[in-house]
Engineer: 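Quick one: the structure is below, questions incoming.
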Amino acid sequence: VKLRTQVPTFLVNAAECEPLLHKDKELLAHKAPEMFRGLRVAMDCSGSHEAVIGIKDKYHDVIDALTPLLPAGVRIFPLTDTYPAGDEFLMVHDITGRVIPPGGLPRDVGTVVCNVETLVNIGEDRPVTHKYLTVAGAVARPVTLRVPVGTAIGEAIQAAGGATVPDFGALLGGTMMGKLATSMEEPVTKTLGGIVVLPSEHPLIGRYS
């Protein structure tokens, strides 16, 4: 639906919408060719003549690595290190200076916004059966994984070296907008961007219980 919209400006959302998650950064660092291929397809579909990658300015290493690879018509916009609600709307304003009207969409101000993983999937040009997600918090090796959709979250946590505390809970999606896992058998879904493991007594676990 997004790519059927005809707009002049295409925005790549690499803002990392939750603390501790770094999936977008890792994909830009390790899957840049795939992302740029997907971006070119997406720009052609939407008729966009320019694209802007919004990424937090603290990720200097990724910005430095991407800069010499930027195709014509594509630039990077460094974002502040914040996690605002409605980050997509604020990113549109930060980059373009335009305000999306109440109840509106980015297309109403001449933009389309896609996340990094979507563009990587387009660039890889194959059925989407796997999901990229960050496993962070109280685990031995915080990591970004690529796992089949449907994988038990407990397996993903084990792939990060397992929990470093005996009693723990897992927040699915992040510490701000996530939900508490009810079982380690819950599956990784196509929209899950991260798993944050915390001690059972952590205030955030209590907040979501």
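Heads up: numbering here begins at 1 and tracks the sequence.
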Engineer: Where do Phe36 and Ile53 land on the side-chain contact (heavy atoms from CB on, under 4.5 Å) test, with the steps shown first?
Structural biologist: CA-CA 11 Å; Phe36 283 127; Ile53 302 169; 4.0 Å; yes

Engineer: Can you find a heavy atom in the side chain of Ile205 that is under 4.5 Å from one in the side chain of Pro199?
Structural biologist: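 The answer is no; the side chains never approach within 4.5 Å.
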
Engineer: Is any side-chain heavy atom of Leu171 closer than 4.5 Å to one of Leu180?
Structural biologist: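 Leu180 reaches Leu171 side chain to side chain.
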
Engineer: Looking only at heavy atoms, which two atoms of His22 and Val143 are closest? And how far apart?
Structural biologist: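 Smallest interatomic distance, heavy atoms only, reads CE1-C, 4.1 Å.
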
Engineer: Can you tell me if Gln6 uses its side chain to pair, donor with acceptor, with the backbone of Cys45 under 3.5 Å?
Structural biologist: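 Confirmed, Gln6 side chain pairs with Cys45 backbone.
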
Engineer: Find the distance between NE2 (His60) and CG (Asp57) and round it off to the nearest 0.5 Å.
Structural biologist: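 One gets 6.0 Å once the value is rounded to the nearest 0.5 Å.
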
Engineer: Under the criterion side-chain contact (heavy atoms from CB on, under 4.5 Å), I'd like the reasoning laid out for Lys31 against Glu117: C-alpha separation, chi angles, the key distance, then a yes or no.
Structural biologist: CA-CA 9 Å; Lys31 293 280 187 176; Glu117 185 173 0; over 6 Å; no

Engineer: Could you measure the distance from the CG atom of Leu69 to the CD1 atom of Ile76? Nearest 0.5 Å is fine.
Structural biologist: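 Those atoms lie 9.0 Å apart.
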
Engineer: If you round to the nearest 0.5 Å, how far is CG of Leu172 from CE of Met177?
Structural biologist: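 The CG atom of Leu172 is 14.0 Å from CE of Met177, to the nearest 0.5 Å.
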
Engineer: Can you name the nearest heavy-atom pair linking Lys131 to Val188, along with the distance?
Structural biologist: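 For Lys131 and Val188, the tightest heavy-atom pair comes out as CB-CG1, 4.0 Å.
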
Engineer: Is there a path of hydrophobic side-chain contacts, each under 4.5 Å between heavy atoms of I, L, V, M, F, W or Y residues, that connects Val109 with Ile95?
Structural biologist: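 Yes, Val109 and Ile95 fall within the same hydrophobic cluster.
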
Engineer: Rounded to the nearest 0.5 Å, what separates atom CG in Asp87 from atom CG in Leu79?
Structural biologist: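 Rounded to the nearest 0.5 Å, the CG-CG separation comes to 9.0 Å.
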
Engineer: Which atom names give the shortest non-hydrogen contact between Gly123 and Arg37, and what distance separates them?
Structural biologist: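 Taking Gly123 first and Arg37 second, the nearest heavy atoms are O-NE, 3.4 Å.
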
Engineer: When you measure from the side chain of Glu18 to the backbone N and O of Thr175, does any donor-acceptor pair fall under 3.5 Å?
Structural biologist: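 Looks like yes, one N/O pair under 3.5 Å.
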
Engineer: Applying the 4.5 Å side-chain criterion to the ILVMFWY set and letting contacts propagate, would Met35 and Val113 be lumped into a single cluster?
Structural biologist: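 Met35 does not cluster with Val113.
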
Engineer: Is there a side-chain contact between Arg107 and Lys2 (heavy atoms, below 4.5 Å)?
Structural biologist: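 Arg107 does not reach Lys2 side chain to side chain.
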
Engineer: Any chance the side chains of Thr144 and Thr134 put a donor and an acceptor closer than 3.5 Å?
Structural biologist: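 The criterion, which ignores hydrogens and geometry beyond distance, is satisfied for Thr134 and Thr144.
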
Engineer: side-chain contact (heavy atoms from CB on, under 4.5 Å) for Glu50 and Val74? Distances and angles first, verdict last.
Structural biologist: CA-CA 6 Å; Glu50 70 164 344; Val74 181; over 6 Å; no

Engineer: A quick test of your reading: do over 12 heavy atoms of other residues, nucleotides or ligands sit less than 6.0 Å from CG of Asp44?
Structural biologist: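 Yes, CG of Asp44 has more than 12 neighbouring heavy atoms, counting only those of other groups under 6.0 Å.
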
Engineer: With a 4.5 Å limit on heavy-atom distance, are the side chains of Asp24 and Tyr59 in contact?
Structural biologist: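 Contact flag for Asp24/Tyr59 side chains = no.
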
Engineer: Do any N or O atoms from the side chain of Ser48 and from the backbone of Val7 form a donor-acceptor pair under 3.5 angstrom?
Structural biologist: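 Answer holds: yes.
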
Engineer: Given the rule that I, L, V, M, F, W and Y join up when any side-chain heavy atoms are under 4.5 Å apart, are Val135 and Ile153 in one cluster?
Structural biologist: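 Hydrophobic grouping puts Val135 with Ile153.
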
Engineer: Measure across Cys114 and Thr118 and return the closest heavy-atom pair with its distance rounded to 0.1 Å.
Structural biologist: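 Result for this residue pair: SG-CG2, 4.5 Å.
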
Engineer: Mind listing the closest non-hydrogen atom pair of Pro142 and Ala136 along with its distance?
Structural biologist: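 Shortest heavy-atom contact: CB-CA, 4.3 Å.
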
Engineer: Can you measure from CG (Asp61) to CG (Leu66) and round to the nearest 0.5 angstrom?
Structural biologist: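 So the gap between those two atoms works out to 9.5 Å.
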
Engineer: Quick one: side chain to side chain donor-acceptor pair (under 3.5 Å) partners of Gln158, sequence neighbours excluded?
Structural biologist: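 Listed in chain order: nothing, the list is empty.
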
Engineer: With a 4.5 Å heavy-atom cut-off, do Leu3 and Ile122 have their side chains touching?
Structural biologist: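 Counting from C-beta outward, Leu3 and Ile122 do come under 4.5 Å.
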
Engineer: Identify the heavy atoms of Leu28 and Ala14 that sit nearest to each other, and give their distance.
Structural biologist: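 That closest heavy-atom pairing would be CD1-CB, 3.7 Å.
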
Engineer: In chain order, what residues pass the side chain to side chain donor-acceptor pair (under 3.5 Å) check against Thr111, with sequence neighbours excluded?
Structural biologist: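 Thr111 satisfies side chain to side chain donor-acceptor pair (under 3.5 Å) with no residue once adjacent residues are dropped.
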
Engineer: Is any side-chain N of the basic residue among Glu16 and Lys56 closer than 4.0 Å to the acidic one's carboxylate O?
Structural biologist: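 No.
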
Engineer: Are side-chain heavy atoms of Leu11 and Met91 found at a separation under 4.5 Å?
Structural biologist: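 Yes, their side chains come closer than 4.5 Å.
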
Engineer: Could you check if a side-chain atom of Phe168 sits within less than 4.5 angstrom of a side-chain atom of Ile157, using non-hydrogen atoms only?
Structural biologist: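 SC-SC contact between Phe168 and Ile157 confirmed.
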
Engineer: Report yes if some heavy atom in the side chain of Val149 is under 4.5 Å from a heavy atom in the side chain of Thr129; otherwise report no.
Structural biologist: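 Not touching, per the 4.5 Å side-chain cut-off.
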
Engineer: Under a 4.5 Å side-chain heavy-atom rule over Ile, Leu, Val, Met, Phe, Trp and Tyr, are Leu198 and Met176 clustered together?
Structural biologist: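 No; tracing contacts between hydrophobic side chains, which count when under 4.5 Å, never links both residues.
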
Engineer: Tell me whether Val120 shares a hydrophobic cluster with Met43, the cluster being built from Ile, Leu, Val, Met, Phe, Trp, Tyr side chains joined at under 4.5 Å.
Structural biologist: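 Both belong to a single hydrophobic cluster.
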
Engineer: Rounded to the nearest 0.5 Å, what's the gap from CG on Leu119 to CG on Leu27? Could you check?
Structural biologist: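 Between atom CG of Leu119 and atom CG of Leu27 there are 10.5 Å.
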
Engineer: Take Ile100 and Leu105, measure what side-chain contact (heavy atoms from CB on, under 4.5 Å) needs, and give me the verdict at the end.
Structural biologist: CA-CA 6 Å; Ile100 298 171; Leu105 293 169; 5.5 Å; no

